[in-house]
Structure formats: C-alpha cells, structure tokens
Amino acid sequence: MTDAENKALQAKEKAEVTTPAEGTKPGLVFTPAVDIFETDKEITVLADMPGVKAGELNIDLHENVLTLDSDVKPPEGPKEADVIREYNTGKYYRQFRLSQVIDQAKIDAELKDGVLRLRLPKVEAAKPRQIQVKTA
Amino acid sequence: MLLTRRTEWPAWGWASPFAELERMRRQMELLSGGLSRGLLEASSAGVFPLMNVTEDKDNYYVRAELPGFKAAELDISVTGDSLSIAGERKLPVEDEKAQYHRRERESGQFSRIITLPAHVDTGRVDARCADGLLTVVLPKAEAAKPKQITVKTS
C-alpha cells in the first residue's frame, strides 16, 4: 500500500469480454476491474463500473455463480460528432464462481460514483469457529 | 567542422547501422500497431484518464470515466483552448484482516491536459460528475462557432 500512494495512474484500455456465448444484442461488452476480499463474516466485491445507473445493473447469484451484468446507455447526445474517441462505452459483464456458501437473503449491493460494493455474507456454518479444548 | 560532417554521413557511416535499425524498428512498430489496434483507438494518447471529445454546433463535450472519484477531488481548469484535469484516486484501506483474492482496481495520481480544436468561452464551462462519468461542457467562443453565410444574388 505504501508504494501506491505516489504512483501515477496509467491509462488502461477497457478489457473487452471474450466469452464463448455471444450476445444477441449488438454492442461492446467490457469486463469491469474488481477487488475481492474476504473476512470471517463476508466476501466483498468492489467493481468499477463507470456510467452504470442503479436501475441498469443486474446482480445474480445462482448455484454459486455470481453474475454482474449491466446495460450502459451511450452518454453522448444525438447531435454530437466525435472529435477524439479514446474509449468506447458498452455493457459490463463478469462472472465469478464462489467457493463459499453465501447467505442469499443478506446480500447487500450499493452503487456509488460508478463503483459497486457488493457484500456477500457467509452462512453461519461456513464461518470459522474457534473450538475450545477442555481439559479434564 | 569535422563534427558536423560526421553526423551528416550517409548510411554507411560508423554510427548508422544502429540508426538504421532504430528506423526499421519504429516502422515495424507503426505497422504492427496500426494492424492490432482499431481505427478509433489509434488516436489514444495513452494518458490517464482516457477521454472522449465530441462537439455540436455550440459546445465541446469532454468525457472521462473516473469511477470512485468525487467531484470535489478533481481539479479542472480551462485556459483559452486547453483543458486540464488533475486528481488523485485513493482507495480506502479496508478491513485489516481482510484477505484479498483479487486486486485489479488501481489508485494513484493523474493529470492531463488536452488541447481543444478551438477556443472556448472559459466563463461558461460546466463540469459534472455522475455515476463515475465526468462530463465537461465547454461552450465554443463566438469566433469559433460556425457561421451561416447567405449567398446573395445580384
């Protein structure tokens, strides 16, 4: 973390999705950059999804596969003509296979400034429990 | 005199094999870069953040994807025909005991200056940051706006 403080951000082209399943709708699909970390209680997923509005994002957890899927409308107005185009906009799509059992009812998602914070609480059984060994 | 002559030596001079290699390497790069990248991406300056610039009759629109940035953290200034954007992205330290599985999001500082095709009205520039998308609307200066010219018939 210490060396990250004064680091200059590098321009990165958005990674396009290469999935075997082809989309039926035309348009580009990108992979959002994510941070995933785990504590005793929960797994947190942070995903950079600029331009996504809360209503356009679908989060689905089915048979331990977490799917993030969102539609993004192009921000440009109809009368605007390109001068420079360095990045493209399109949908975001990414899937993760979770190895832990998640308490589906307690999943909490928050989208703020284009960053998704998804909390996936583990079910009680999956949490590590300290077992006291009694001496007779 | 000798020094100036030496640099002007033709291709068989002592320094030239490397210069020639360098020239070839640059040409190859140009060729392969042009093939692998699309036409649109070819104009990218490769500086963070990547920007899209569009225009209509009255304004220029500069857009950049800056997820997680707050409007107050961005430093935007305009002079004549150039727009400069600077800022820093800080990722808050999460739970100390958290165990990371993926870490793809990056933090750091950035600054970028772009030159617009024409002068803008600096007093009326408007910047907005919503859903991680920065939009700067720059009204064109009166002199830079297209003017309709009617052809008179005599």
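Hydrogens, waters and symmetry mates are skipped; everything else that's a heavy atom, side chains included, is used. Each chain gets a letter, A, B and so on, in the order its sequence line appears, and its residues count up from 1. Bear in mind that the values here come from a model prediction, so they are computed numbers and not experimental data.
When heavy atoms are compared at a cutoff of 4.5 Å, A/L111 does not approach chain B at all. Heavy atoms closer than 4.5 Å to chain A are found in both the backbone and the side chain of B/Y100. Using a 4.5 Å cut-off between heavy atoms, A/V34 touches chain B through backbone and side chain atoms alike. Only the backbone of A/P32 comes within contact range of chain B, judged by heavy atoms closer than 4.5 Å.
Residue-environment remark: CG (A/L28) exceeds the threshold of 12 foreign heavy atoms within 6.0 Å. Under a cut-off of 6.0 angstrom, the local environment of NZ in B/K147 is crowded, with over 12 non-hydrogen atoms contributed by other residues, nucleotides or ligands.
Here B/E104 contributes atom CD and A/L46 contributes atom CG; the two are 11.5 Å apart, rounded to the nearest 0.5 Å. We find the CD1-CD distance between A/I36 and B/Q99 to be 12.0 Å, quoted to the nearest 0.5 Å. Summarising the geometry, atom CZ belonging to A/F96 is positioned 11.5 Å from atom NE2 belonging to B/H101; distances are rounded to the nearest 0.5 Å.
Residues B/L133 and A/Y87 approach most closely at CD1-OH, 3.7 Å, considering heavy atoms. Minimum heavy-atom separation, A/E86 to B/L50: OE1-CA, 3.3 Å. Contact record, A/G77 with B/R63: N-NH2, 4.4 Å, taken as the closest heavy-atom pair.
Between B/D56 and A/K79 there is no salt bridge, since no side-chain nitrogen of the basic residue lies less than 4.0 Å from a carboxylate oxygen of the acidic one. At a threshold of 4.0 Å, the pair B/K97-A/E38 does not count as salt-bridged, since none of the basic side-chain nitrogens sits closer than that to a carboxylate oxygen.
At a heavy-atom separation below 4.5 angstrom, chain A is approached by B/D131, B/G132 within residues 119-132 of chain B.
Within the 4.5 Å cutoff, the side chain of A/F37 has no heavy atoms near those of the B/R102 side chain. Using a 4.5 Å heavy-atom threshold, the side chains of B/Y61 and A/E76 count as separate. Side-chain atoms of A/M49 and B/P67, non-hydrogen and from C-beta on, never get closer than 4.5 Å to each other. Inter-residue side-chain proximity for A/V115 and B/R105 is flagged as met; some heavy-atom pair is nearer than 4.5 Å. Looking at heavy atoms from C-beta onward, B/K57 lies out of side-chain contact with A/E80 at the 4.5 angstrom threshold.
Connection of A/V72 to B/L134 is not established within any shared hydrophobic cluster, with ILVMFWY side chains joined at heavy-atom distances below 4.5 Å, either directly or through further cluster members. In the hydrophobic cluster analysis, where Ile, Leu, Val, Met, Phe, Trp and Tyr join through side-chain heavy atoms closer than 4.5 angstrom, B/V137 is grouped apart from B/L116. A/Y93 and A/L118 fall into different hydrophobic clusters, where Ile, Leu, Val, Met, Phe, Trp and Tyr residues are linked whenever their side-chain heavy atoms come under 4.5 Å apart, directly or through other members. A chain of hydrophobic side-chain contacts below 4.5 Å, direct or via other Ile, Leu, Val, Met, Phe, Trp or Tyr residues, connects A/V83 to B/M51. Hydrophobic clustering of Ile, Leu, Val, Met, Phe, Trp and Tyr side chains at less than 4.5 Å, counting indirect connections, unites A/I84 with B/Y60.
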Any chance you could lay out the side-chain contact (heavy atoms from CB on, under 4.5 Å) test for B/K70 and A/D113, step after step, and finish with the verdict?
CA-CA 7 Å; B/K70 288 190 181 58; A/D113 298 324; 3.9 Å; yes

Step-by-step salt bridge (Lys or Arg N to Asp or Glu O under 4.0 Å) determination, A/R119 to B/E94:
CA-CA 13 Å; A/R119 285 195 193 87; B/E94 304 289 347; over 6 Å; no

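Your options are A/D48, A/T39, A/T89, and the one with the most heavy-atom pairs under 4.5 Å with chain B is A/D48.
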